[in-house]
2 protein chains.
Amino acid sequence: MTVRPVAQALRDAGLRPTRQRLSVLQSLRDRPDAVTAQDLHAELRGAGASIGLTTVYRTLTALADAGLLDVFTRDSEQAFRRCGTVHHHHLVCETCNKVEELSAAEVEDWVHHAADRHGFEVTGHRADIFGICSECR
Amino acid sequence: MTVRPVAQALRDAGLRPTRQRLSVLQSLRDRPDAVTAQDLHAELRGAGASIGLTTVYRTLTALADAGLLDVFTRDSEQAFRRCGTVHHHHLVCETCNKVEELSAAEVEDWVHHAADRHGFEVTGHRADIFGICSECR
DNA sequence: GCGCCAGTTGATAATGATTGTCAAGAGCAT
DNA sequence: ATGCTCTTGACAATCATTATCAACTGGCGC
Ligand SMILES: [Zn+2]
Ligand SMILES: [Zn+2]
Ligand SMILES: [Zn+2]
Ligand SMILES: [Zn+2]
C-alpha cells in the first residue's frame, strides 16, 4: 500500500523498482528535510537496510535527473529532497535542513521582466530563502 | 592609479596588499564573468604572473569572506566574481558566465512575507536567473 | 517454474577540487 | 637595516563523487 506508488514512480522514471531504490525513495518521501548521500547511506545502514554507498549516490542522481528530487548545495556537498513536481522555490532551515516549498508569482514575473530587459533567454532560475524555523529557535 | 583603490580595498579587508593579491583582485575587477580558482590561476600564469594555486584559492576565499566577491556554484565547483557591495541578485549567462547584477524590490518583499508566513527568521536568501545572453545566442 | 539477459549492485580504485603543512620569503613599523 | 608577523607555494592529505567490473536480479518468454 505504501510501496505501490513509490514503485510506480520509479517505473515512470524508467527505473526498475529494486529493493535498494525503494528503500531510498521510501525514506525520502516522509522526510521534510534535504539529505546528503553520505548521511542517507548511514541512516539506511543504521536502520538495518543493506545498500552500498555507490548505489545511494547513483539512485539519488537518477531520481534528481528524473525530476523527482531537488538538489541543494550545502557546504560544498549535495543534499537531496523529494519535492513536488510543479515549479516552486524553497524556504530552508539552516539548522535542521527542513524545507518548505513556496510558489511566488511575483518572482516569476520578475524573472521574465529582468531577463527581457537584459536581452537574456531564460533557461532557469532559482530563488531560495534561508533562515531558522520556529522549532529550531 | 589603477592599483591604488585595489590596494586600499585589500587593506580595508585587513589583508596586506601583496603582489599576488593585487594581481588577483586586479584581474577580477574588469571582468564581467565569474571565474574558478583553477581557471584564474591558469590565466594569471598564462599572462606571465607568478602565483601559486594555493594562493589563488586562499585569496579568493579571503576576498569572498570579506564580502568583496560573490560565490557561485558551477558544476560542483566554485566560481568567484567581483560584485557590488550592496545586496543584489544575478542574471547569469550559462555560456560565457557573464553576470549582470539585479536589484528587485519585489523579491525582497516576497522574502520577508514568505518567511513571516512560515514563522522563519530570515538569515539570507538568493535569487539567480540563468540564461543565454544576447551575445552568446 | 526455468532460463536469459539487460539492468543493477557494491567493493574498490580513481578522480579532482579544495585544504593542510611548514619552511622560505616579503610587508611594514621601529 | 632589523625584527616580527603575515604571506607564499610546492607538496601532501582530504574527501565527496565517479569509474570499474565481476557478481547478482527483475521480469519476460518459454
Ligand atoms: Zn528547523
Ligand atoms: Zn520560480
Ligand atoms: Zn554570454
Ligand atoms: Zn534579495
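Computed over heavy atoms, backbone and side chain alike; hydrogens, waters and symmetry mates excluded. Order of the sequence lines fixes the chain letters, A, B, ..., with proteins taken first and strands second; residue numbering starts at 1 for each chain.
How far SG of Cys133(A) is from NE2 of His118(B): 12.0 Å, rounded to the nearest 0.5 Å. Distance CG/Leu25(B) to OG/Ser27(B): 8.0 Å, rounded to 0.5 Å.
Although no hydrogens or angles enter the test, the distance criterion places a donor-acceptor pair under 3.5 Å between the side chain of Arg21(B) and the main chain of Arg16(B).
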Could you walk me through whether Glu100(B) and Phe120(A) pass the side-chain contact (heavy atoms from CB on, under 4.5 Å) check? CA-CA 10 Å; Glu100(B) 306 271 358; Phe120(A) 273 62; 3.9 Å; yes
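Mapping heavy-atom proximity under 4.0 Å, the span of DNA chain D touched by chain A runs 5' to 3' from dA16(D) to dG27(D).
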Heavy atoms under 4.0 Å is the rule here; annotate nucleotides 6-18 of chain C 5' to 3' with B where the base is hit, S where only the sugar-phosphate is, and - elsewhere. BBSBBBB----SB
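Between its opening and closing five pairs, the helix from dG1(C)-dC30(D) to dT30(C)-dA1(D) changes axis direction by 30°, a value rounded to 10 degrees.
In this structure, Glu101(B) pairs ionically with Arg81(B), as a charged nitrogen and a carboxylate oxygen lie closer than 4.0 Å.
Note on ring orientation: taking the six-membered ring where Trp is involved, the planes of His89(B) and His125(B) are tilted (angle from 30° to 60°).
Scanning for side chain to side chain contact (heavy atoms under 4.5 Å, CB included) contacts around Ala49(B) gives Leu44(B), with sequence neighbours left out. Partners of Arg31(A) according to the side chain to side chain contact (heavy atoms under 4.5 Å, CB included) rule, which considers only residues two or more places apart in sequence or in another chain, are Leu28(A), Asp33(A), Val35(A), Glu43(A). Partners of Asn97(A) according to the side chain to side chain donor-acceptor pair (under 3.5 Å) rule, which considers only residues two or more places apart in sequence or in another chain, are Arg74(A).
Looking only at atom types and distance, the side chain of Thr123(A) has a donor-acceptor partner in the side chain of Glu94(B) under 3.5 Å away.
If you check every strand for non-hydrogen atoms under 4.0 Å, Arg11(B) touches sugar and phosphate atoms only.
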